[in-house]
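Below you'll find the structure, written out as structure tokens, and then a few comments.
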Amino acid sequence: MSWFGNFENEQGFFESLCYKVIKMGQMPKHVAVIMDGNRRYAKKENISRKEGHTAGFDKLAQVLYWCHELDIPEVTCYAFSIENFKRSKQEVDTLINIFNDKLAQLMKEKDRLMKYGVCIRFVGDISLFDLKIKKSVADVVEMTKSNNKCFLNIAMAYTSRDEIAQAVREVCKGVKDGLIKESDITESLLESCFYTNHCKPVDVLIRTSGEVRLSDFLLWQTSFSMLCFIDAYWPDLSLWHFIYCILKFQIGFDSLQNAKELSELKESRSQLDSDLQNAFIELKQNMNSDVENQELLQAVAKEYSKKRIVRQTLFLNRLEEKRKEQLVEWFKGEA
Ligand code: FPP
Ligand code: MG
């Protein structure tokens, strides 16, 4: 099945009415999916595991269509976790073959990708794959990087704990290289080092197959998301399941929003406190006797905060450059 072929489908009257009604409420801007239950679906339908995963891909294409019709601009899918490398060689090879086929197909769908303005990004440690996948990833990213109407983030060789650990390694290196100070490490700096740094906040997370856990997917990013656990295998997910998740998001929207705003407020307050404290230390170190002068302290804190932002920005720009250089190497077909 094509990735975006569905986008040109004609809708039935009832389906179209449902889209209109649901769009009258607050709509999520970013939906993440854990596509679980492909193998159990295969067993139930008496088909091979490969056919089960292929049916899983077809469902992903259908979910992208629903999101397109519902004006949901961003989708993140959990296609392959680092843990999945531990499955049998035969199954890992089957999945990798599906990725190779589907990524090659994406390149052939260039016209549609451009027509609908789809930007495709990959989140995860892509270096764990072979060169063929790395090259396909770089080709797809390069081809779609200027599109900005809708975003598909494919999580491959991803786990949240690995993402957090690599972000911590990056900030430690930044401190060691003298780009940032230890006190510059904040929640938002760490978040900016994630593979998902360009993604919008996740509004809804859907997991199929009846399992009620996150399996190391977007653990940090879903603190203020509506979590929906659906008792159906991924290929059996229906439009009604999907609409149920959106309704759940609409009902819970205000309380999620309040919790998110409160947390943002807390972080900006703690940033202010930290800048003030560092300004105080600077004044003392400079032997300034007037450390009790509040006006002076505020002025120094303001200056300190400007310099901190410059350090953090430079550090993040370097990280972005490093990641781009990596992609260019893969694009050229280098390991
Ligand atoms: C989980 O079901 C599914 C996966 C590990 C693979 C998901 C991948 C796809 C649907 C293909 C997507 C392709 C691209 C290119 C994005 P499971 O294997 O854990 O099944 P089970 O829970 O029944 O054992
Ligand atoms: Mg599973």
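Order of listing sets the numbers, starting from 1, for every ligand and every atom in it. We count residues from 1, following the sequence as given.
- Gln277 CD: 12 or fewer foreign heavy atoms inside a 6.0 Å radius.
- Distances below 4.0 Å separate heavy atoms of Phe57 from the following atoms of ligand 1: 10 (C), 13 (C).
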(request) Verify salt bridge (charged side-chain N to carboxylate O under 4.0 Å, His left out) between Lys306 and Glu303, making sure each step is shown before the conclusion. (result) CA-CA 5 Å; Lys306 271 193 208 157; Glu303 219 28 58; 3.8 Å; yes
(request) May I have the step-by-step check of salt bridge (charged side-chain N to carboxylate O under 4.0 Å, His left out) for Arg121 and Glu74, ending in yes or no? (result) CA-CA 11 Å; Arg121 303 182 285 213; Glu74 186 161 353; 3.0 Å; yes
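- The protein heavy-atom contact nearest to atom 6 (C) of ligand 1 is Ala79 O, 3.4 Å.
- When each atom of ligand 1 is checked for a heavy atom of Asn84 under 4.0 Å away, the hits are 5 (C).
- Identified under the ring pair (Phe, Tyr, Trp, His ring centres under 6.0 Å) test for residues 192-213, with sequence neighbours left out: Phe194-Trp220.
- When Arg49, Arg40, Arg87 are checked for heavy-atom proximity to atom 17 (P) of ligand 1, Arg87 turns out nearest.
- Among all protein heavy atoms, the one lying closest to atom 24 (O) of ligand 1 is Arg39 NE, 2.8 Å.
- Using a 4.0 Å cut-off between charged nitrogen and carboxylate oxygen, Glu83 and Lys86 count as a salt-bridge pair.
- Within the 3.5 Å criterion, the main-chain N or O of Phe7 finds no donor-acceptor partner in the side chain of His68.
- Residue Gly56 approaches ligand 1 through these ligand atoms, each under 4.0 Å from one of its heavy atoms: 10 (C).
- In this comparison of Phe99, Tyr78, Tyr233, Phe80, the heavy atom closest to atom 14 (C) of ligand 1 sits on Phe99.
- For the pair Gly37 and ligand 1, a heavy-atom separation below 4.0 Å is found.
- Taking the centre and axis of the six-membered ring of Tyr304, the NZ or CZ atom of Arg311 falls inside the cone set by 45° and 6.0 Å.
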Extract all donor-acceptor atom pairs below 3.5 Å that involve side chains of residues 57-65 and protein atoms in other chains or at least two apart in sequence.
unit_1	atom_1	unit_2	atom_2	d
Lys59	NZ	Gln62	OE1	2.7
Lys59	NZ	Leu237	O	2.7

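- Under the 30°/60° scheme for interplanar angles, the aromatic rings of Phe85 and Phe129 are found to be tilted.
- Of all protein N, O or S atoms, those under 2.8 Å from the Mg ion (ligand 2) number 1.
- Considering backbone and side-chain N/O atoms, Asp36 comes within less than 3.5 Å of an N/O atom of ligand 1.
- Between Asn38 and ligand 1, at least one N/O pair is under 3.5 Å apart.
- Considering only non-hydrogen protein atoms, atom 9 (C) of ligand 1 sits nearest to Met35 CE, 4.0 Å.
- Residues passing the salt bridge (Lys or Arg N to Asp or Glu O under 4.0 Å) test with Glu69: none are found, sequence neighbours excluded.
- Atoms CZ and CD1, on Phe249 and Ile206 in that order, are 11.5 Å from each other to the nearest 0.5 Å.
- Looking at Leu95 against ligand 1, only its side chain comes within 4.0 Å, counting heavy atoms.
- Only the side chain of Trp3 comes within contact range of ligand 1, with a heavy atom under 4.0 Å; no backbone atom does.
- A donor-acceptor distance shorter than 3.5 angstrom exists from the side chain of Tyr78 to the backbone of Tyr158, with no hydrogens or angles considered.
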